[in-house]
Protein chains: 2
Amino acid sequence: MRPTVTDIAREAGVSLATVDRVLNGRPGVREKTISAVNEAIARLGYVRDLAAANLARGRSYKVAAILPDTESQFVQSLADALATAGSLAVTSRIDLRLLRFPAEDPHQLAALLASLPHQGYVGAALMAPETPVVRDAVRLVRSKGIPVVALVSNLPNAGCDHFVGIDNTAAGRTAGVLMGRFLGAGPGQIIVVGQSLLARDMVDRRRGFDEVMLRDFPNLDVLPSLETHGSSGTLREVVTRRLANSPNVIGIYSMGDGHRALTQLIDDMKLSGRITVICHELTPHVRTALQQGQVTAVITQNLGHLARSTLRVLRAKADNQPLDESQEQIRIEIVLRENLPILPDPPGPTPDDQIA
Amino acid sequence: MRPTVTDIAREAGVSLATVDRVLNGRPGVREKTISAVNEAIARLGYVRDLAAANLARGRSYKVAAILPDTESQFVQSLADALATAGSLAVTSRIDLRLLRFPAEDPHQLAALLASLPHQGYVGAALMAPETPVVRDAVRLVRSKGIPVVALVSNLPNAGCDHFVGIDNTAAGRTAGVLMGRFLGAGPGQIIVVGQSLLARDMVDRRRGFDEVMLRDFPNLDVLPSLETHGSSGTLREVVTRRLANSPNVIGIYSMGDGHRALTQLIDDMKLSGRITVICHELTPHVRTALQQGQVTAVITQNLGHLARSTLRVLRAKADNQPLDESQEQIRIEIVLRENLPILPDPPGPTPDDQIA
DNA sequence: GCATTTCTGAGGAACGTACCTCATTTTTTG
DNA sequence: CAAAAAATGAGGTACGTTCCTCAGAAATGC
């Protein structure tokens, strides 16, 4: 049997009330007594029964997931994954609220963040570019004791409690090897496209990609990055121009989430199968492109995993509990047509036997 | 606030005791009353608080993980992963026992399985080849109400409650594409090695591999499978012979867990870098081989994930709860030198702040 | 319609923890 | 050394559930 608070009280020779005071950091206990209790805890290997504790507290973890209001398929899928994970997590007393902010307005985001403490939130996950305004807002929230974790794109200077997402430099490197090995010896040119060179994840991916290409595949000529600023029109325009100007393009690396416009372009120019295309994020649309051959490989992260990890991390941070790092390390997944995971069943209603 | 049993009693116009009888399937309640209670449950959207229920029950989930006693690095790593997951899961009242059986003796395994019901087990995960004896033993245990899940290698005809592991045919296909694409147009020969053609997972992998090779890479000549029966000596012998007899081997697909002997052989024959080697399972040893270049790519599954999934599934089955299928789908991971995940910290003792 | 069986209700104890109050002891301070 | 302050103990209630007993009500058999 696991030891309980009563056992500790007995072992430490103090009363239950004192153990409780120590355990919950309540004032009015002498240092000497505190260490006596802690020693008893260590001796007995006591681990607090969090389920019972939460039951007693009547606690629920109100947490926020804050995403930009862009309607990209990736953000949408992420929102869905979070919502699903959140609804399944009511069992573990997690109350997840999805909040959105105008993608181009860091001040509104800052205001949103600042309002969290008054509303009983015990944690927040944030997907946003790191501007000074945002950075300060994050610092403010954290200083009020609310943990903040960065989602998908890291915020290295905001001092977040954790980063939930993949190592983007490693992801870029992976894209590099695949590109290099799939293309064989070369020679040829490679187009690189991304939303913006200001976003952290883009920069990291490009760096990783270049690292591998320069070192291992010197015959492949990686052209300067093209920026789309999230616009299909711009993408079409810049890529078309680059293709026209470059005689021997044999690969395209799309660093952002897979662009619908890119697939379209590949179709229009009949490039499918003749050119190796690697992109990120397995959205429904990229799935199709993979199956039909416009896209050769996808570097992705499992959004369900990401969402559940977010919730676990927020909960652990709120409880001041240590993380199981190996569980929270989001894997970089490589998806080819052949290992395309079967589409899971649609969410569906809670079956009746839920409470059986 | 979530509704509680008291709310249901009020809503259904019955007493708490009756609600409890219905909820826990205890006898002595009229059909009519049962449905009245169930309707109230549905109306209020009641979901039992499992944490409170388990607390009241004083329940712990005693489950078994049954592995062969082979000392392969894969099985060893799996055992470690299970042990780690198990010790972290004491928080959720899971009491995992690791049991081993002599790899070549299905009768001992059957006896072990048969002994589970008397020992208070509420579930078991089993990694074993599917022989008739084992199949019947599994059926017997399940008929006693103890759920059994297959681990790593499926037991399709034993009627297990679940299979925790990857889709091996898809894994074989993935190995196929990688081999094909890495080797380019060919021509050349490919050696395929595996433990035994009787093991289900080997058969599935070979089928998937052939499917892709025949369809997409007809210039590559896949030679008949070689069997090692788990012996390093045999491996060395058969592969050496095959290499001597085949003029143009450019790839090796090792279907079992990465063989230390294979790496050794590649080194001895100075094949590293000149031949594409794909194998399964990212054991410590395969990690090194990947870093040093003897192995080109590894198809693997995350053992931590596998272990945690096993525990979640067993717990859900013991509770008759539905699974979150998408969470339990183990992904087929492709590991290259470039996306080699950072080795997580050694397990280490429980930090002091565990109970903070 | 009366005995018998089957249902139902009321209540309590327990699980391990949190959190509260009040009384008592111990320590500190002047 | 007394008074004030600080530390500790004792005890209770609560969280949402399980599981038990016993009394009383309702349905059933003859």
Side-chain angles (χ1 to χ4, degrees), chain A residues 1-38 40-41 44-61 90-93 318-321 354-356, chain B residues 1-38 40-41 44-61 90-93 95 122 318-321 354-356:
Chain A
M1 265 324 210
R2 276 166 59 185
T4 72
V5 274
T6 318
D7 297 321
I8 295 178
R10 194 181 331 105
E11 176 80 13
V14 301
S15 76
L16 226 120
T18 302
V19 174
D20 178 60
R21 288 183 187 112
V22 173
L23 234 35
N24 295 293
R26 276 185 262 276
V29 188
R30 266 182 310 173
E31 274 307 324
K32 214 178 115 192
T33 317
I34 293 184
S35 38
V37 171
N38 282 330
I41 287 175
L44 267 53
Y46 169 79
V47 180
R48 175 201 247 124
D49 184 334
L50 259 185
N54 287 334
L55 175 61
R57 279 201 179 98
R59 155 164 217 178
S60 80
Y61 302 80
V90 292
T91 324
S92 39
R93 312 187 106 78
D319 278 339
N320 251 310
Q321 282 253 319
Q354 174 85 23
I355 53 125
Chain B
M1 263 327 210
R2 275 166 59 184
T4 72
V5 275
T6 318
D7 298 320
I8 294 177
R10 196 181 331 105
E11 175 80 14
V14 300
S15 77
L16 226 125
T18 303
V19 173
D20 178 61
R21 287 180 188 115
V22 174
L23 233 37
N24 294 292
R26 275 186 262 279
V29 188
R30 264 184 309 173
E31 273 309 322
K32 213 179 118 192
T33 317
I34 293 185
S35 35
V37 171
N38 281 330
I41 288 176
L44 267 55
Y46 168 79
V47 180
R48 175 203 251 123
D49 184 333
L50 258 184
N54 286 335
L55 176 61
R57 280 201 181 99
R59 156 166 213 174
S60 79
Y61 301 79
V90 291
T91 326
S92 39
R93 313 187 108 75
D95 175 13
V122 300
D319 278 338
N320 251 309
Q321 282 251 321
Q354 172 88 19
I355 53 124

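Convention: sequence-line order gives letters A, B, ...; per-chain numbering from 1. Fair warning: this is a prediction, and the values are worked out from it, not measured in the lab.
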Out of dT8(D), dG16(C), dA14(C), which has the shortest distance to the side chain of L55(B)? dG16(C)
Looking only at side-chain N and O atoms, does R21(A) come under 4.0 Å of OP1 or OP2 in dA7(D)? no
Heavy atoms, side chains only, cut-off 4.5 Å: are N24(B) and R48(B) in contact? yes
Could you give the CG-to-P distance, from N54(A) to dA18(C), as a whole number of Å? 9 Å
Return the value, rounded to whole Å, for the distance between atom CD of E31(A) and atom P of dA7(D). 10 Å
With the side chain of D20(A) defined as its heavy atoms from C-beta on, choose the nearest nucleotide among dT18(D), dT17(C), dC19(C). dC19(C)
Taking only residues two or more places apart in sequence or in another chain, which ones pass salt bridge (charged side-chain N to carboxylate O under 4.0 Å, His left out) with R21(A)? none
Considering non-hydrogen atoms only, spot the tightest contact between A52(B) and L55(A) and give its length. CB-CD2, 4.0 Å
R48(B) has a side chain; which of dA10(C), dT17(C), dT18(D) sits nearest to it? dT18(D)
Base, sugar-phosphate, or nothing: which does G28(B) touch, judged by heavy atoms less than 4.0 Å apart? base
Counting only side-chain heavy atoms from C-beta out, which of dT8(D), dG16(D), dC19(C) sits nearest to T4(B)? dG16(D)
L44(A) CG - dG16(C) C1' separation (whole Å): 15 Å
List the atom of R2(A), the atom of V47(A), and the distance in Å for their closest heavy-atom pair. NH2-O, 3.1 Å
Using heavy atoms to find the nearest nucleotide of DNA chain C for G58(B) and I34(B) separately, return the residue whose nucleotide is more 5′. I34(B)
Expressed as a whole number of angstroms, how long is the span from L16(A):CG to dT13(D):C1'? 14 Å
Counting heavy atoms from C-beta on, name the nucleotide in dC15(D), dC19(D), dG9(C) closest to the side chain of A56(A). dC15(D)
By nearest-nucleotide position on DNA chain C, the 5'-leaning member of K32(A) and V19(B) is V19(B)
Over all strands shown, is N24(B) touching base, sugar-phosphate only, or nothing at heavy-atom distances under 4.0 angstrom? sugar-phosphate
L23(A) CG - dC19(C) C1' separation (whole Å): 13 Å
Let's go through V37(B) and I8(B) carefully: what are the C-alpha distance in whole Å and the side-chain angles of both, what is the deciding distance for side-chain contact (heavy atoms from CB on, under 4.5 Å) to 0.1 Å, and is it a yes or a no? CA-CA 7 Å; V37(B) 171; I8(B) 294 177; 4.2 Å; yes
Would you indicate, yes or no, if dT8(C) has its OP1 or OP2 atom less than 4.0 angstrom from a side-chain nitrogen or oxygen of R30(B)? yes
Rounded to whole angstroms, how far apart are CZ on R10(A) and C1' on dT8(D)? 19 Å
Just call it for A17(B): base, sugar-phosphate, or nothing, with non-hydrogen atoms closer than 4.0 Å on any strand. base
Take atom CG of D49(B) and atom C1' of dT17(C), then tell me their distance rounded to the nearest Å. 14 Å
Which nucleotide in dG9(C), dT17(D), dA18(C) has an atom nearest any side-chain atom of R26(A): dA18(C)
Rounded to whole Å, how long is the line connecting atom CZ of R93(A) with atom P of dG16(D)? 7 Å
Between I41(A) and N38(A), is there a side-chain heavy-atom distance shorter than 4.5 Å? yes
Verify the contact: side-chain N or O of T18(A) to OP1 or OP2 of dG9(D), cut-off strictly under 4.0 Å; return yes or no. yes
